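The block underneath contains the structure these notes are about, expressed in structure tokens.
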Amino acid sequence: MVQFYYHDNKDTPENFTEDHNSGIEATVEELKALGVYYKYVETIEELNEIAKERNYKNRDVVKLNLAAFKNDLNAYNAKMAQFYKEHYHEDEEIRYIVDGEGYFDVRNKGDKWIRAKLSRHDLLILPAGIYHRFTLSNDLKEVEAIRLFKDEPKWEAINRDTGKNTEARESYVKAITA
Ligand SMILES: CSCCC(=O)/C(O)=C/O
Ligand SMILES: [Fe+2]
């Protein structure tokens, strides 16, 4: 069952896969105001419809667990650290959970983290330019997700600590502050 709540900000490099639920719920409306859309999507046909409506041309499947890295803990930890580093993408992207579960954290207008706990059949649309991050949950430690891309089927992140401003980021900030 999907959950939206404010992160407790008590994460460390050792415990960031824990739920970090502050006890303060967030709503779908709060997410909408950030340009983030959630939908429960039961079938691939329904997913394909959404992709068509929004002009998505590409997709890939990402499986994230230790076995996907042939039990190489260093490689697994490196990928986990990469996904948890705060970043944005220059294109709108859809994430659809096929199996397992994970947490997407998105920054709200006040720069607070809102956490979306997603599992099977949950779909999240992240607007271009929004700062976010992802991690597996401590309970399951695995996810299989379809990533849909408007154009190139490649994952490119712009990390917040680079301070890099792009048109995508500027347009996003304008759109949510208008
Ligand atoms: C569960 S999808 C893998 C993570 C990802 O695509 C992303 O953009 C994380 O921020
Ligand atoms: Fe991302």
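We count ligands from 1, going down the list as the structure has it; atoms in each ligand are counted the same way. None of the values given here were measured: they were computed from a predicted structure.
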The atom of His132 among N, O or S that is nearest the Fe ion (ligand 2) is NE2
From the list Tyr96, Phe134, Tyr38, side-chain contact (heavy atoms from CB on, under 4.5 Å) with Leu118 holds only for Tyr38
One finds that the ligand 1 atoms under 4.0 Å from a non-hydrogen atom of Ala145 are 1 (C)
Looking only at protein heavy atoms, what sits closest to atom 9 (C) of ligand 1 is Phe134 CB, 3.5 Å
Polar proximity ligand 1 side, His87 side, N/O cut 3.5 Å exclusive
yes
Less than 4.0 angstrom from a charged side-chain N to a carboxylate O is my criterion; do Glu92 and Arg54 meet it? yes
Per-atom filter on ligand 1: closer than 4.0 angstrom to a heavy atom of His132 are 8 (O), 10 (O)
### Task
May I ask you to say whether Asp19 pairs ionically with Arg115, meaning some side-chain N is under 4.0 Å from a carboxylate O?
no
NE2 (His87) to the Fe ion (ligand 2) to NE2 (His89), nearest 10°, is 100°
Within 4.0 Å of some non-hydrogen atom of His89, the atoms of ligand 1 are 8 (O)
Evaluation steps, ring-ring contact (aromatic ring centres under 6.0 Å, His included), between Trp155 and Phe83:
CA-CA 11 Å; Trp155 190 86; Phe83 283 155; 5.1 Å; yes
Discussion item. Salt bridge or not between Asp99 and Arg120? Use side-chain N to carboxylate O under 4.0 Å.
Written reply: no
Practice problem: Give a yes or no on whether a salt bridge exists between Asp111 and Arg160, defined as a side-chain N under 4.0 angstrom from a carboxylate O. | Solution: yes
In this structure, atom 7 (C) of ligand 1 is nearest to the protein heavy atom Trp155 NE1, 3.3 Å
Looking only at protein heavy atoms, what sits closest to atom 6 (O) of ligand 1 is Arg95 NE, 2.9 Å
> Under 4.0 Å between a Lys/Arg side-chain N and an Asp/Glu carboxylate O for Lys39 and Glu46?
Replying inline: yes
